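Notes for the one structure printed next.
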Amino acid sequence: MTEPMYMPKAALENLIALLRGDGYKVLGPVSRDAGVAFEEVRAVSDLAAGVRDSQEAGRYRLEPGVPGEIFGVVNGAGSLKPFFFAPDENLIEVRREGKSFKSSEVIPPPRRLAFVGVRACDLAAVAVQDRIFLHDRFRDTHYETRRKDVFMVAVNCTRSAPTCFCASMKTGPEATAGFDLSLTEMDECFVAKSGSSAGEAMLERLGLRTASAGEAEQARTLTDRCAAGMRRQLDTSDLPRLLYEQADSPRWKEVASRCLSCTNCTMVCPTCFCHAVVDQQEIDGNMSRRVRQWDSCFSLEHAHIHGINFRPRIEDRYRQWLTHKLASWIDQFGTSGCVGCGRCITWCPVGIDLTQEVAAIRASAIK
Amino acid sequence: MTTPYAIYPARITERRAETSGVYTFTMRFTDPGIRRSYRFKAGQFNMIYAFGVGEVPISIVSDPEEPEALQHTIRIVGRVTEVMGRWKVGDIVGVRGPYGNGWPVDEARGRDVVIVTGGLGCAPVVGLINYIFRRRDQYGELHILHGVKTPNDLLYRERFDEWRRAPRTRVYLTADRPDKSWHYRIGVVTQLFDELAVPASSVAMMCGPEVMMRLAARAFRDKGISEDAIFLSMERRMECAVGLCGHCQYREYFACKDGPVFSYRAVRELFRTTGI
Amino acid sequence: MPSRRKRSRTIQVNYLTRAEGEAALHISMRDGEVVDLRLEIFEPPRFFESFLRGRDSREAPDLTARICGICPVAYQMSTVHALERICGITIDPAVRALRRLYYCGEWIESHTLHIHMLAAPDFLGCDSIITMAEKHREAVERGLRIKKAGNAIVAALGGRSVHPVGACIGGFTRAPGREQLSALRDQLLRIRGDAVECVRWVASFDLPAANRDIEFVSLRHPDEYPMNEGRVVSSKGVDVDVDGVDDFFEEHQVPYSNALHCKVKGRGPYFLGPLARVNLNFDRLGAEITSIARETGISWPSSNPYTSIVARALEVLYSVDEAIRIIDSYRPPDRPAAPFEARAGVGRAVTEAPRGSLYHEFETDERGLIRSARIVPPTAQNQARIEADLRDLAPGLAQHPQALATRMCEMAIRNYDPCISCSTHFLKLNIEEL
Amino acid sequence: MKPRVAVFKFASCDGCQLQFLNAEDELLRLAGQVDLVYFPEARSRSLPGPYDIAFVEGSITTPDDARRIIRVREESRYLVTIGACATAGGIQALRNWADVEQYRRVVYPSPEFISTLSTSTPISEHVRVDFEVWGCPIDKGQLLAVTRSLLSGAKPVLPAYSVCMECKRRGNVCVVVARGEPCLGPVTRTGCGALCPALNRGCYGCFGPANDENMESFVKLLAQQGVTGDDAVRRLRGINGYVRLWRETADAIAAQKK
Ligand SMILES: Cc1cc2nc3c(=O)[nH]c(=O)nc-3n(C[C@H](O)[C@H](O)[C@H](O)COP(=O)(O)OP(=O)(O)OC[C@H]3O[C@@H](n4cnc5c(N)ncnc54)[C@H](O)[C@@H]3O)c2cc1C
Ligand code: SF4
Ligand code: SF4
Ligand code: SF4
């Protein structure tokens, strides 16, 4: 990593242009419908600048922000997940050949994606999914293909949403890995750092000067303050044991009375990886696709086998989700399944908050 | 780079009806290269694919030393297996695998083995028994316990009789609700444990309803068999079999890659709660 | 003159096929005279006008769409226009253009369906589009391409082509972006040639000759081919505002049908639909289409109901062109829908469904709840006219074998593309009710 | 021989069977797989049964239809209902809460000519149904998939999880959370492709209930959004209002008010 560089705001335009010139499709937070999502940006003016998000459990609104602020929105429902782990994709095509058939892999079309404005928690989530899809016993080639050739421009958080708790999960608010460039936005400029040789080369092409000690210091203070001011917390001590031991906590029933089992929390979660594999046959029966679609442990079919459903009640499914996220994930992959982005809290229509649920379980366990 | 989801065609060379609704298919990969390089261990399973309809996990019941002719015993229970039930010799089906860890046949070598199955009978157990019979001198006493609800549920009746006649082998059959034709024991399978005398050095392997396995495991532990020597084959929904789709999660385990066979020590705690 | 053999005969078409919905025709003749002629619509009544009472106006476009799966857009449009007149909403010109585009989609889709799947098999001696595809593959594929483009327009605005969900009082719940529409434009350009070809194809059919004294009725707009707005005019001099239609038209019930019959007061049956629109608005089709229309050899206005199919094909072509024009000048509106404020009142609207003028009348209370609804679909209005055509046709049927006679009747009915599902509807409240 | 397929119509708008004809890309290939021997909307020659697959559209609203559906069942190997009318009674089931005599008088000056039952009921209340395809209208892709599955000799897959799952796969922005719009998505069955939220509006439940609803919590959510009393009743008594759980929930709210 190089030393912090001073990057005037206008240079962002340049960065986007250079990336586009290198053949990247550049994606960044763009206002769409009543939210923001990562969509193509051709210029800075496409970004959701000058607006801020107001988030709380079960509620999200975009509001006028600070003029001149480019990355004012902490996050929207969409993370980077759909770009690498596609919500609905064709894995293989099986074609009849006489009495037999031939199966061929459907390889996603090659593309170069550059993301601008990625938050630390989302980078951490990408690392979690990398661990699952790339560094486990079986390697997922579709994920691998989509994940290749990506340029990441992170933005360090200087403001958190009330639903954020990345500090508890040690994933933010400052990006520490997984990026090519990281930016800290200040009133008049960015402080930029590189996180890879590609990033370093990009800094050079942008022709930036080294940031003054004061500028670098100010950037650090902003992220530190953001960390200190984070309202939500999740006490991770004693996990996974706490949740394993509290499998019979009455709290599961209580939360199940509120949970709609609608699957929103899992769908917006940047690390949830469950998927269904379904067959889609052409009407003439000559070709059939095996398609993968995002699935959720909140769906009734998820744990169903012939004659038995292992998790028939909503309380079983809520417990599965929370226990997996915060406990068994650690046993499975050596990392927590939660990065503290707060999406499952905001986007739960009835505002169920996992930090509160854990706190309640912890409290009742002590008694 | 090949996706772990890739499917390979195999030709059915034999179809045998075990009983109504249960068939054993012998199949060979059509691609000679794959056929020759394919290897598996006893108790592993394949994902078997019916064109355009779906794919389901099915154990391999044939012997690992004859990997070119794979045998699968399939019970017709639902959507995909119904289609499989209509498969004929010469049909081309899809196979990928092998997956899972298989039975601990190496650990059990030289020791007495107790095999327990219940309910509608478990194809993987038949594969295991056959495996041991083909290497009979490598194993000690063999005890086969099998409990059914009604005599009609007893599959492979002739095979049980055949095994019963084999040396150093004991077969215990019981039915909850017997009829006149039943001349074995009466009651639930767990009642058989009382009369079972096995040394603490035995290895127990089982496959069947979870309640049965839980009770059996406890009974073996009470007989002094170590929790590490009691093995259970767990069933969970599987859509990928490669630890990615998430359906077969069993708290910290994936039944497809960490199982389907688990030692009692590994899963004992999970039996405490329902809905996991 | 063919010899007049004395005999009595009954022609019974028990189930009118290749029409949307269920109907039967019964004709009894004695000595070549029609004794009894009944077009029975036995589509079971669904009571829309009744259950709309007490519902919220904002739900109305979703509910009335369900009257007909073939022309849901028409129901949504008459509904929103009628309700907007109650609350006095002004519509953004861009939204108005989108509504016209929406209608173009439905006309293309519904007309193409009728031409290829319902009517053409008659002319080509096939029993369905599927058998027709064996001999006329190219025409069938062309038809499917055109139809698909029509469905794509409706889906672009409403999510799907049957019971689309995007239309609301004030406009649309979401306005499409320019990029989304430009993909549609490409598709439309690709099928424009197909649409021209389709006009020539249907004009080449062996259309029976007939020359009837018919009163045609449609909307007429000062400067457009009519879709959503205009005055109600007729070829015999009616020219009224929507609020005045009751002074000119009346409905009555016949015992054998679940649909109501309509007449011009003091005169008789009238004719709605593409042929009426083309006849009354020929000057609004534009130079190119009018010259294509003339090349067919039909003299417009046409008093031959069998030329309806050509009028329908001309409207498909017009809708393709109009859709392209709308997309070319499209600029997304500031707001996809004008805000709705409930108000008490009565609102009426007529829009041009594929099958003809569709009348809606709503009365709401101050919370916007519906107090009464009256819906007069085009097929119901055409029913008396269909029976009149059949009466004209009947004497000549005696000389034909049953199968041919049946087919001739079916063809006469199909000129109106009857959409029988919608014919289930309600007349004004009668005295008992109040 | 190709399987013989029939398409029957009862009280309905024709929109579901129209989905066959809307399958512009597949129609001719479908015709290569099955014999559409009875399909009055699309074919003038109707052949008698027995049928391998009968698709039934529409609800039962007249005494004649109540008899006709029994014949259809007898003649058909698989009976598949298509759409909200056939599967749940449809929008016309709103009469089930009303006085149909009055309905009849509102509509017809001579109500005695009109023969109708006082209820609109789903096919399953009359005969055994093998498979139910939900939606108002049904989804074309689902219709083709069901047909294909039956042709392959397999039971069709008809997922019953919530609209929300599909909504999120599409990348929609939740209208409940980001707009405060009431949306039936969390309790509605998937299948439409989450059309309404994609167009910035709440789902109104045209695919019927999902398989695992928490109506109590959902009604509380509606109330938080200001949808209570009659407004809540209307939301639930819509296209699929006659479905048991929604009907009972709405009836309970209506009773509470009184
Ligand atoms: C490791 C393992 C080994 C197995 N070995 C055998 C065997 O040797 N012989 C045999 O007859 N059966 C075996 N089964 C069970 C077999 O996989 C199911 O009977 C089969 O999946 C049922 O599919 P279906 O479509 O016919 O049933 P349906 O009830 O229609 O199920 C629908 C879908 O649910 C899933 N599903 C249902 N039941 C199961 C299940 N038990 N396990 C996993 N997924 C399920 C599948 O995706 C299936 O397609 C095994 C299961 C596992 C997990
Ligand atoms: S926790 Fe919330 S978002 Fe998740 S399934 Fe339950 S209700 Fe839906
Ligand atoms: S918009 Fe509706 S369907 Fe979509 S996630 Fe939100 S509640 Fe579910
Ligand atoms: S979102 Fe709901 S109401 Fe809208 S189309 Fe889908 S199921 Fe129907």
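In this text the structure is predicted, and so the values were computed from the model without any measurement. Within every chain, numbering begins at 1; the chains are lettered A, B, ... in the order of the sequence lines, protein sequences first and strands thereafter.
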Which atoms of D/D231 approach chain C - backbone, side chain, both or neither, heavy atom under 4.5 Å = neither
ask   = Which bit of C/T173 comes within less than 4.5 Å of chain D, counting heavy atoms only: side chain, backbone, both or neither?
value = both
query = Can you say whether C/L369 sits under 4.5 Å from chain D via the side chain, the backbone, both, or neither, judging by heavy atoms?
reply = side chain
inquiry  = Using the side chain to side chain contact (heavy atoms under 4.5 Å, CB included) criterion, which residues pair with D/L28? Sequence neighbours excluded.
reply    = C/A133, C/R137, C/V140, C/E141, C/L144
key: Pairing residues for D/N22 by the side-chain hydrogen bond (donor to acceptor under 3.5 Å, both in side chains) criterion, not counting sequence neighbours   = C/K147, C/N151, D/Q19
task = May I ask you to decide whether D/E41 forms a salt bridge with D/K9, counting only side-chain N to carboxylate O separations under 4.0 Å?
result = no
cation_pi(C/R66, C/F48) dist<6.0 Å, angle<=45 = no
request  = Please state whether the side chain, the backbone, both or neither of D/I239 comes within less than 4.5 Å of a heavy atom of chain C.
outcome  = side chain
